[in-house]
Novice: 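Here it is, the structure in full.
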There are 2 protein chains.
Amino acid sequence: MAESTAATDDPRPDLAAMIVPLGRTLMAAELPVLRAHGLSMWAYVVLLALGEEPVRGQSGLAQAIGADKTRIIGVLDDLQERGLIERRPDPRDRRAHLLTLTPEGRRVRESAQAGIRHREDRLLSQLPLEDRAAFLRVLRALSALPEEEIIGPERHGSSEAPDRT
Amino acid sequence: MAESTAATDDPRPDLAAMIVPLGRTLMAAELPVLRAHGLSMWAYVVLLALGEEPVRGQSGLAQAIGADKTRIIGVLDDLQERGLIERRPDPRDRRAHLLTLTPEGRRVRESAQAGIRHREDRLLSQLPLEDRAAFLRVLRALSALPEEEIIGPERHGSSEAPDRT
DNA sequence: TATTGTTATACTCTATAACTATA
DNA sequence: TATAGTTATAGAGTATAACAATA
């Protein structure tokens, strides 16, 4: 019982075992670019999320980028102080905040993103053309999937040896 | 000045912005399987790293899996207590430890990996066949690259606005 | 009372420094 | 003295709980 699952071809490494370290390395590669723009990783993610139209509510924004709502408060404070975003109470419900990118914020975001894109393109350019296209296609597809689709159903709850953490 | 960088086709999301969350989700998908085997993420990584032949030295092992040497001590303690690995001083230099997988350890590793592989295959099976192959090919290629290759040269040291973190 | 944002607190993960034993 | 492993400590990063303002 070694080559169990039939159709699947070869003993490849686990997906996560390849993807997680790769993601870490890509983040490390981005860091110098971000620092050159005075941005933290979270600040950059916030700038990306504040696309073209304003966002209503910090909680929503936090959730959209996979952060805790308390996590991004300092980030927003800083971005606001530096004039990259505007944060004002929504006149229709003064509890919520309306978040918008300032022109300067847009400029910084685009500049940072261009730098990052440039590095990534250099990396991708080492790949065969068709592989590159397929890779990006799959990546977009998997990124677009809702989490539950990937995490999937709890097949058997907790029937097997739940010993340690 | 919108479609600046010429040859590059479309405005794709940043690689890291797709890969990092995907990695997180894949890890979350693995967790139930690992817990069913009483394994933490690090414990599983250790079992994977202790492939067929013994490993000499915990520091080397730690470095190989991208962890601090102090990070894995508790993990090894636990695995040893449960009889999944053996840890004994190297007779030729009693400071270093010889780490080997026990038969039970191998069994657990293979069972866990099979579970993980199964979930991943289910995910990959949703992709077009050629895309899937290309995706895995690229993933393996990028994973195999040395970090420096991806992080690359510090293009311009620190010439631009190094304001905040 | 419920909700948004904020602050204060605690918890988890990880790395650094100090120690023991071998060499 | 130098190195492998261990322990104790401190530092990020993150989440939880309590609070103030608005609805």
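Just so we're on the same page: letters track the sequence lines, and every chain starts at 1.
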Novice: Of D90(B) and A67(B), whose closest DNA chain C nucleotide lies nearer the 5' terminus?
Specialist: A67(B)

Novice: Nearest heavy-atom pair of G51(A) and L101(A): which atoms, and what distance?
Specialist: O-CD2, 4.0 Å

Novice: With I151(A), which of E147(A), E148(A), E149(A) fulfils side-chain contact (heavy atoms from CB on, under 4.5 Å)?
Specialist: E147(A)

Novice: Begin from the C-alpha positions of R12(A) and E120(B) and carry the test salt bridge (Lys or Arg N to Asp or Glu O under 4.0 Å) through to its verdict.
Specialist: CA-CA 11 Å; R12(A) 58 168 175 78; E120(B) 291 181 347; 2.9 Å; yes

Novice: Rounded to whole angstrom units, what separation is found between the CZ atom of R71(B) and the P atom of dG11(D)?
Specialist: 19 Å

Novice: Assess, by modelled atom type and distance only, whether the side chains of R132(B) and Q126(B) contain a donor and an acceptor separated by less than 3.5 Å.
Specialist: no

Novice: Between I72(A) (CD1) and dA15(D) (C1'), how many Å, whole number?
Specialist: 14 Å

Novice: Whole Å only: how far is the CE atom of M41(B) from the C1' atom of dT14(C)?
Specialist: 16 Å

Novice: Does a side-chain N or O of W42(A) approach OP1 or OP2 of dT14(D) to a distance below 4.0 Å, or not?
Specialist: yes

Novice: dG11(D) C1' sits how many Å from D68(B) CG, rounded?
Specialist: 13 Å

Novice: Could you check if a side-chain atom of L123(B) sits within less than 4.5 angstrom of a side-chain atom of L26(B), using non-hydrogen atoms only?
Specialist: yes

Novice: Are any protein N/O atoms closer than 3.5 Å to N/O atoms in nucleotides 2-9 of chain D? If there are, list each pair with its distance.
Specialist:
unit_1: dT3(D); atom_1: O2; unit_2: R95(B); atom_2: NH1; d: 3.1
unit_1: dG5(D); atom_1: OP1; unit_2: Q58(B); atom_2: N; d: 2.6
unit_1: dG5(D); atom_1: OP1; unit_2: H97(B); atom_2: N; d: 3.2
unit_1: dG5(D); atom_1: OP2; unit_2: Q58(B); atom_2: N; d: 3.0
unit_1: dG5(D); atom_1: OP2; unit_2: S59(B); atom_2: N; d: 2.9
unit_1: dG5(D); atom_1: OP2; unit_2: S59(B); atom_2: OG; d: 3.0
unit_1: dT6(D); atom_1: OP1; unit_2: R87(B); atom_2: NH1; d: 3.0
unit_1: dT6(D); atom_1: OP2; unit_2: Q58(B); atom_2: OE1; d: 3.1
unit_1: dT6(D); atom_1: OP2; unit_2: Q58(B); atom_2: NE2; d: 2.5
unit_1: dT6(D); atom_1: OP2; unit_2: R87(B); atom_2: NH1; d: 3.3

Novice: Any Lys/Arg nitrogen of R106(A) or E86(A) sitting under 4.0 Å from an Asp/Glu carboxylate oxygen of the other?
Specialist: no

